[in-house]
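Lettering of chains follows the sequences in order, A, B, ..., and the numbering in each one begins at 1.
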2 protein chains.
Amino acid sequence: MKDVTMADVADRAGVSKSTVSAVINDKDIVRDDTRERVWEAINELDYRPSGSARRGFSASSEKSIGFVIKETRNPYYSEVLTGIREVAAANGYLTFVCSSEGRFEEEKEIVKQFSNKDLSGLIITPILKDDTDLSHIFELKRKNIPFVLLEGVKGLRASIVDIDNVQASSEAAKHLIELGHEHIVHFAGPAYSDHSQKRVEGVRRAFSESHLAYTPDMKVEVGDSFEAGYERGLEYFGSLPVDERPTGVTCYNDLTALGLMKALRELGIAVPDEVSVVGFDDLDILEYFPVALTTVQVPKYEMGHRATEILLQRIESGRSQMSEQVSLEAELVNRNSTAPPSG
Amino acid sequence: MKDVTMADVADRAGVSKSTVSAVINDKDIVRDDTRERVWEAINELDYRPSGSARRGFSASSEKSIGFVIKETRNPYYSEVLTGIREVAAANGYLTFVCSSEGRFEEEKEIVKQFSNKDLSGLIITPILKDDTDLSHIFELKRKNIPFVLLEGVKGLRASIVDIDNVQASSEAAKHLIELGHEHIVHFAGPAYSDHSQKRVEGVRRAFSESHLAYTPDMKVEVGDSFEAGYERGLEYFGSLPVDERPTGVTCYNDLTALGLMKALRELGIAVPDEVSVVGFDDLDILEYFPVALTTVQVPKYEMGHRATEILLQRIESGRSQMSEQVSLEAELVNRNSTAPPSG
DNA sequence: CGAATGTATCGAATCGGTTCGACTGTTTTC
DNA sequence: GAAAACAGTCGAACCGATTCGATACATTCG
């Protein structure tokens, strides 16, 4: 691409840049035949106005924020996004979304492009590995671009809106314990994820607080998708003698819980009669299902609201470096995928 | 916001713009104490580099496309998006998404902002009313910004990737007719939507080709959401004597079909024994459900692929004004929400 | 017919950064 | 101890558009 500029068009049409500019912006001060000539030149050269070179103007006056997510297919993000949009739109901001699909390099690239595109601020669901390189986040700090995270990052002072995952997950496990379950496992999320680690920790805490033994095989590595829940579910419950089966499972999230329930259905294991299942997130789509999933209700809309409020305040006050941590309440909703163990 | 500029920072720190620039871009040619001073000035003034003023550089070399959707919450878009992403990412492009939530004014604003942010091209699911003002689309043409539509627009020559909605919807209705159903209704989508109109037309065509009478009350105005399907379903089937109930329903999309199925469940009407239900889209989430929905399988990934291929070709060839219409195959998948009428 | 008015176009300044050659000191080298 | 190398900083040009006062020519009016 040779990057055609306005001057090239002007040359070609035998006019000045100002005239070309007038034509493109549809001002009615150009003579018809001149306009024609300019259009021809534009089309022949396939000229595209640079957009970012339009200074004093659009760039700074256009209000927009970016939302970086980890996965396109998980409705969780759509729901948080809905909350974000509500506040953003009410304040005249547009919300642009981009997903890293779990790839860290992509997250970096996204943040970089967002910050070059003159967005007013960013809300990020960060990918975290143990050795995470935070250069792109520091770049935001350097450029004073306000941002809010939806998951904590070790060693980074920043604004964070999240729930208390340990506490919430522990409640989920306690629910099963209180129902009388004695053999419980946890279908855990991706090992590197902060949320997943905390939810595992929550289960462990529930056990210890209830004076039950927690053994490593109570944690089953699964993942965060429906497919993962389904496949691991089939594998796990398919290979276990009936009397060794757990009677209760807490899952990393609703998607894995739904996958597990499908597996159980196919294996002819009844929920909740033979196995109780607890999810996490309380996705809106749960409402679509015949069997109502007991789950942890994460205040997704509210997370979106709060994150956006903080972000906008940061943007509009010009105090982009403040940092504020918000921890929202997540509580268990008891529906009918859980019951006391049979027999 | 007073819009602090680099010159302000330079002044405040008692250095030149070039030095400030060097500091911000982390060049290691600046003396430590100078760097300090500049940082102080930056923070005190809450200076944010303009981003769009960074010419020759980022703007033109960053590869990115935009995707404008109508609704955040419909998984349909996530699936098309997945297709788009696959092709885009393979070619080094990032995909930014923004939803108009069905509001036309917002669609215009989105397109405008996208075109000011120097994206290489756009894929748009346009909102269409009868009197639609296409000025934002023409603006794209004027600026030679390549775009592809995922729904036809009357009176606009442009690249379009879509399925044959009339044909596909007619197949859905014929499926019920062939099973022997004689009393069929169509749960229709939003009246102004092009897709909805075509799907109604498809049902009408199926009837006439099967020599059945089509009467206006076979079309029930419903909408495009799960909630709409649920509420209208409750209302419609709740108020009808058993012998006047239709035995088959084709729905505008899967979401309304799922809503309807929930309503039927609550009314104690069995699917497919008492009522057959056909959806449209074949969302991936259908797989999560115990009852497999018979539906029209829209090649969502492929639509994303094709649209993106066309877009990228347009972008990279510099022939931004070509137009190409692609109509993909959508076929019925027969699962178990449909059966011959009982009795 | 000369002055006033109007129309179409141009040229130059501008926007907020980046880049790069030039200009000081300071340190190294022989 | 003078020449060469090196650091650190500056100033000016530049990127690709927009804006606006200046200009040139045509038309209208008194």
Within this structure, what is the [atom1]-to-[atom2] distance between [X] and [N], rounded to whole angstrom?
{"X": "A:Asp3", "N": "D:dC14", "atom1": "CG", "atom2": "C1'", "answer": "15 Å"}
{"X": "A:Asn144", "N": "C:dG17", "atom1": "CG", "atom2": "C1'", "answer": "16 Å"}
{"X": "A:Leu45", "N": "D:dG16", "atom1": "CG", "atom2": "C1'", "answer": "15 Å"}
{"X": "B:Met6", "N": "D:dC15", "atom1": "CE", "atom2": "P", "answer": "18 Å"}
{"X": "B:Ile29", "N": "C:dT19", "atom1": "CD1", "atom2": "P", "answer": "11 Å"}
{"X": "A:Lys27", "N": "D:dT18", "atom1": "NZ", "atom2": "C1'", "answer": "8 Å"}
{"X": "A:Lys17", "N": "D:dG21", "atom1": "NZ", "atom2": "P", "answer": "18 Å"}
{"X": "A:Ile24", "N": "D:dT18", "atom1": "CD1", "atom2": "P", "answer": "7 Å"}

Side-chain donor/acceptor contact of B:Thr34 with base of D:dG8 under 3.5 Å: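 No, the side chain and the base share no sub-3.5 Å donor-acceptor pair.
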Under 3.5 Å donor-acceptor pair, B:Thr5 side-chain atoms to C:dG17 base atoms: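 Counting by modelled atom types and ignoring angles, no donor-acceptor contact under 3.5 Å is found here.
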Side-chain N or O of [X] closer than 4.0 Å to phosphate OP1/OP2 of [N]:
{"X": "A:Ser16", "N": "C:dC10", "answer": "yes"}
{"X": "A:Ser21", "N": "D:dT18", "answer": "yes"}
{"X": "B:Arg31", "N": "D:dA7", "answer": "no"}
{"X": "A:Thr19", "N": "C:dC10", "answer": "yes"}

Approximate separation, where rounding is to 0.5 Å, of B:Tyr192 OH and B:Phe104 CZ: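 With rounding to 0.5 Å, OH (B:Tyr192) is 12.0 Å from CZ (B:Phe104).
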Candidates A:Val153, A:Ile110, A:Leu149, A:Leu150 - the one meeting side chain to side chain contact (heavy atoms under 4.5 Å, CB included) with A:Ile124: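 So, applying the side chain to side chain contact (heavy atoms under 4.5 Å, CB included) to A:Ile124 and each of A:Val153, A:Ile110, A:Leu149, A:Leu150, only A:Leu149 qualifies.
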Touch class at under 4.0 angstrom, heavy-atom based, for A:Val15 against every strand present: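 Answer is sugar-phosphate: A:Val15 comes under 4.0 Å of backbone atoms only.
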Touch class at under 4.0 angstrom, heavy-atom based, for B:Ser18 against every strand present: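 B:Ser18: base contact, heavy atoms under 4.0 Å.
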Donor-acceptor under 3.5 Å (B:Asn25 side chain, B:Lys27 main chain):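 No, B:Asn25 side chain to B:Lys27 backbone: no donor-acceptor pair under 3.5 Å.
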salt_bridge(B:Glu44, B:Arg12) N-O dist < 4.0 Å: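 B:Arg12 and B:Glu44: salt-bridged.
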Sole candidate of B:Arg314, B:Glu324, B:Gln325 that passes side-chain hydrogen bond (donor to acceptor under 3.5 Å, both in side chains) when paired with B:Ser159: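 Exactly one candidate clears the test, B:Arg314.
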